[in-house]
Number of protein chains: 2
Amino acid sequence: MAITIKDIARKANVSITTVSRVINQKSEGIGDSTRKKVLDIIEELDYRPNSIARSMITKQTNTIGLIIPDIRNPFFPELVRGVEDFANQHAYNVFLCNTDGEPKRELEYISLMKEKNVDGIIFTYSCAETIHQLEEIVLDQKIPLVLLDRGVDDQKFSGVSIDNEKAGYLATKHLLDLSHTKIGCITGPAQFPNSKDRLNGYRKALKEAGIPFDQDLILAADFQMDGGYQAAKTLLAKKDITAIFAFNDVMAFGVYQAAAEQGMNIPEDVSVVGFDNINYNQLLNPKLTTIEQSVYDMGEISAKILLEQITQGGDVKNKTLYLEPSLILRESTKKLEN
Amino acid sequence: MAITIKDIARKANVSITTVSRVINQKSEGIGDSTRKKVLDIIEELDYRPNSIARSMITKQTNTIGLIIPDIRNPFFPELVRGVEDFANQHAYNVFLCNTDGEPKRELEYISLMKEKNVDGIIFTYSCAETIHQLEEIVLDQKIPLVLLDRGVDDQKFSGVSIDNEKAGYLATKHLLDLSHTKIGCITGPAQFPNSKDRLNGYRKALKEAGIPFDQDLILAADFQMDGGYQAAKTLLAKKDITAIFAFNDVMAFGVYQAAAEQGMNIPEDVSVVGFDNINYNQLLNPKLTTIEQSVYDMGEISAKILLEQITQGGDVKNKTLYLEPSLILRESTKKLEN
DNA sequence: TTGTAAGCGTTATCAT
DNA sequence: ATGATAACGCTTACAA
């Protein structure tokens with residue numbers, strides 16, 4: 001049997017109330033000698049208050065839920081770390097949940113987290129439809145929630161994301177500046193807001209340069225390497241494309257594979273721009289030019305916003321933050337010679 | 001105010017006991033009509049029992065702690081996923097904790113997990129000393145714990161790991177078979193049991209081949225890319241080394257960098273073997289020959305063992321499992337011409 | 001088949 | 001400055 005506040009009280013000849021007071025550092029009204037006595041006994045017995053019992057009363061668990069598609073996607077470890085570090089610094093623990101982007105599991109985890117009485121949730125969703133149901137589940141119970149990365153709805157929830165449109169614009173502009181005009185695009189799933197926004201940036205850059213938008217140059221994939229590979233194969237085959245903009249680095253890896261298979265060199269035959277700047281991608285040959293998003297920061301900031309909402313309680317205003325993307329120039333893009 | 005078992009009871013005109021019974025699916029003694037009535041109301045009000053309150057009584061939280069050095073190390077996402085999947089399938093949630101291998105944080109997290117009343121802990125430690133303190137903290141309270149990956153102590157705790165000695169042997173043997181005799185070794189921190197075991201395998205292979213062991217060929221690093229890079233620089237400079245065995249892939253990446261800097265080609269000038277077979281390393285040029293460990297499986301198995309211990313309660317025998325490593329032949333090793 | 005009541009380990013309220 | 005006691009929301013003997 002674990003040792004409880006009662007044991008401390010008994011051994012110190014005080015009431016459990018007193019013990020509770022010294023544990024919670026109530027400054028008011030405790031004799032110095034009593035405090036010391038209690039503290040000593042706590043130390044001696046190595047007593048730790050049972051946080052479950054505490055939670056019952058305080059309605060706080062010092063726990064947050066972090067729901068993401070898949071930690072194996074190299075984008076997420078950095079993000080998770082940002083969340084966990086900030087949370088831990090503020091005495092919170094984090095439940096990690098992988099949904100694989102399946103709507104059913106997304107909803108299940110949300111429910112589960114509610115059942116476990118987390119103080120708040122950070123959620124990277126995959127399915128737009130989930131968001132609607134979220135409102136029912138979360139909104140009326142006022143459990144703080146911040147949407148992370150995949151599109152953000154600044155009406156109903158707080159959110160953190162990069163400025164995806166700007167990012168799409170930057171990447172495309174870079175290729176245009178290198179005289180490319182036939183720029184293939186491998187997007188994420190069409191319904192993802194982040195994909196839409198990046199594509200908007202792409203169109204904007206094109207329009208600015210007076211180049212017509214060609215739907216045939218756009219292929220949707222799944223943010224996986226093989227998806228990028230398949231899409232690249234199609235793009236490289238059927239069009240006189242001189243550059244490809246992949247909406248994440250992992251898919252850009254697939255482009256590398258497809259190019260190698262077809263005996264095309266990067267960047268001589270085709271320029272490639274990625275997205276995310278995940279670790280170790282500078283090991284690629286040639287090194288990948290890509291869009292950097294401060295993933296760790298995103299995680300940290302989302303945790304910060306969440307904890308603010310938690311501590312401020314009830315009716316805080318939602319807050320949506322957009323981080324600045326930037327272009328990392330490496331070796332996979334090259335001016336088009338003619 | 002969230003809705004409780006009382007609300008259900010009141011609305012159904014039954015006692016909370018009855019409600020509790022139908023929630024927990026006690027087969028015994030509940031009238032079909034009552035059950036249906038209660039179920040309907042639960043559905044209607046979308047009631048979920050408060051797991052905190054439940055935990056107070058049952059002494060179970062359906063929660064486990066997973067303590068690792070750093071999720072950003074590409075070895076861990078796969079492992080974490082294995083744990084989380086298995087846990088989730090059995091209605092457990094997992095707290096993710098990153099220690100950066102700092103002994104202080106390792107201990108803190110263990111304590112924290114105890115305070116949060118997790119049902120068990122999966123622990124990848126970094127500091128041998130931590131293990132001693134673990135005994136005090138964990139053993140006398142019989143909180144189930146399984147040691148993962150970094151060395152295993154089959155006396156006091158359960159554990160899951162690959163057969164590191166065999167892995168070291170396999171890698172070294174492969175290089176010996178290719179006629180290499182001057183084989184540099186970049187190990188992990190010297191005190192890590194997994195490093196020691198891998199080195200033992202290296203020695204064993206050498207001995208078998210009748211080649212003397214040379215301590216100067218062995219450099220300890222930190223499992224990070226830069227550590228591998230530094231060590232490789234030293235090794236490549238001072239010795240007529242023709243092959244390097246790095247104790248993880250990330251350090252092998254560092255070897256690639258160092259080799260490139262010194263204008264050495266892999267595998268023509270130096271053969272390289274890695275360890276872990278992390279994702280995307282086949283994107284390296286040349287593709288990395290490495291030791292495969294079934295990381296996902298390790299995670300899954302550790303979760304399985306942990307849950308067994310949890311459900312069997314009290315005095316289960318500790319269980320230590322060693323998985324089989326295997327050599328993945330790719331392009332970074334080559335027969336030594338002479 | 002159903003209900004009453006005790007109790008889990010805390011904190012919060014109100015006395016003393 | 002300290003203590004008695006009622007919660008918190010549930011499960012579980014023990015009754016009925």
Side-chain angles (χ1 to χ4, degrees), chain A residues 1-39 41-42 45-63 91 114-119 141 143 313, chain B residues 1-39 41-42 45-63 91 112 114-119 141 143:
Chain A
M1 199 58 205
I3 137 167
T4 78
I5 199 174
K6 273 187 193 164
D7 301 316
I8 306 296
R10 191 180 314 125
K11 191 148 185 181
N13 267 314
V14 294
S15 73
I16 58 173
T17 309
T18 300
V19 177
S20 177
R21 281 196 186 101
V22 351
I23 290 168
N24 294 289
Q25 322 229 49
K26 305 283 186 193
S27 45
E28 29 126 337
I30 293 180
D32 279 349
S33 66
T34 343
R35 166 178 287 116
K36 182 169 180 351
K37 184 172 54 179
V38 172
L39 247 23
I41 294 178
I42 286 178
L45 269 50
D46 190 34
Y47 161 74
R48 301 292 169 107
N50 180 329
S51 66
I52 296 279
R54 176 178 281 170
S55 294
M56 278 224 55
I57 306 226
T58 60
K59 303 295 180 202
Q60 271 217 181
T61 52
N62 276 256
T63 293
K114 263 180 50 189
E115 247 173 275
K116 293 254 174 168
N117 293 58
V118 298
D119 296 335
Q141 303 208 202
I143 162 165
Chain B
M1 198 57 206
I3 136 165
T4 78
I5 199 174
K6 272 188 194 164
D7 301 316
I8 306 296
R10 192 179 314 124
K11 192 148 184 185
N13 268 312
V14 295
S15 72
I16 58 172
T17 309
T18 301
V19 177
S20 175
R21 282 194 186 105
V22 351
I23 290 169
N24 295 289
Q25 321 229 44
K26 305 283 185 193
S27 46
E28 29 125 336
I30 294 179
D32 279 349
S33 66
T34 337
R35 166 178 288 118
K36 181 168 180 353
K37 182 171 57 179
V38 171
L39 247 23
I41 293 178
I42 286 178
L45 269 51
D46 191 33
Y47 162 73
R48 301 292 169 106
N50 180 329
S51 66
I52 297 279
R54 175 178 281 169
S55 294
M56 280 224 53
I57 308 226
T58 61
K59 305 294 182 201
Q60 270 216 181
T61 53
N62 276 257
T63 292
L112 204 51
K114 262 180 51 191
E115 248 173 276
K116 294 253 174 169
N117 293 65
V118 297
D119 297 333
Q141 305 207 200
I143 162 165

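Bear in mind the structure is a predicted one, so any value in this text is a computation, not a measurement. To find a chain, count down the sequence lines: A is the first, B the second, and so on, and within it residues start at 1.
Pairing each heavy atom of A/T61 with each of A/V118, the nearest pair is OG1-CA, 3.6 Å.
Listed pair A/Y47 / C/dT10 meets the phosphate criterion, a side-chain N or O lying under 4.0 Å from OP1 or OP2. The shortest distance between the side-chain N/O atoms of B/N24 and the OP1/OP2 oxygens of D/dT11 is below 4.0 Å. The side chain of A/T17 contributes no N or O atom lying less than 4.0 Å from OP1 or OP2 of D/dT5. Put simply, A/S20 has a side-chain N or O that comes within less than 4.0 Å of OP1 or OP2 on C/dT11. OP1 and OP2 of D/dG9 both lie 4.0 Å or more from every side-chain N or O belonging to B/T4. Phosphate contact (OP1/OP2 of D/dG3, side-chain N/O of A/T18, threshold under 4.0 Å): present.
Rounded to an integer number of Å, the gap from A/I16 CD1 to D/dC8 P is 16 Å. Spacing between atom CZ of A/R10 and atom C1' of D/dG3 amounts to 16 Å, rounded to whole angstrom units. Going from atom CZ of B/R54 over to atom P of C/dG9 covers 18 Å, rounded to whole Å. Put simply, NZ on A/K6 is 14 Å from P on C/dT11, counting in whole angstrom units. When the C1' atom of D/dC8 is taken as reference, atom CE of B/M56 falls 9 Å away, rounded to whole Å. A/I5 places its CD1 atom 5 Å from the P atom of C/dT10, with the value rounded to the nearest Å.
Rounding to the nearest 0.5 Å gives a distance of 8.5 Å between NZ of A/K59 and CD1 of A/I57. The NZ atom of A/K6 lies 7.0 Å from the CD1 atom of A/I16; values are rounded to the nearest 0.5 Å. Of the inter-residue distances, the one linking A/R21 atom CZ with A/R35 atom CZ reads 11.0 Å to the nearest 0.5 angstrom.
The side-chain heavy atoms of A/M56 and B/M56, taken from C-beta on, include a pair separated by under 4.5 Å. Side-chain contact check for A/T4 versus A/N50: every heavy-atom pair is 4.5 Å or farther apart. Taking the side chain as every heavy atom from C-beta outward, B/I42 and B/I23 approach each other to under 4.5 Å. For the pair B/I5/B/P49, no side-chain contact is recorded, criterion being any heavy-atom separation below 4.5 Å from C-beta on.
Contacts of A/I52 with the nucleic acid, taken as non-hydrogen atoms under 4.0 Å apart, are absent. Within 4.0 Å (heavy atoms only), B/S55 reaches no atom of the nucleic acid at all.
Side-chain proximity of B/I57 to the nucleotides D/dA7, C/dG7, C/dT2 is greatest for C/dG7. Across C/dT10, D/dG9, C/dG9, the shortest atom-to-atom separation from the side chain of B/K59 is found for C/dG9.
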Report all interatomic pairs (protein N or O, nucleotide N or O of nucleotides 14-16 of chain D) with separations under 3.5 Å.
none

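Between the axis at the start and the axis at the end of the helix from C/dT1-D/dA16 to C/dT16-D/dA1 there is an angle of 40°, using five pairs per end and rounding to 10 degrees.
Using modelled atom types, one finds no donor on one side chain facing an acceptor on the other under 3.5 Å when comparing A/T63 with A/K116. B/S20 and B/T17 form no side-chain donor-acceptor contact under 3.5 Å, judged by distance and modelled atom types alone.
Mapping B/D32 and B/A53 onto DNA chain C by nearest heavy atom places B/D32 at the nucleotide closer to the 5' end.
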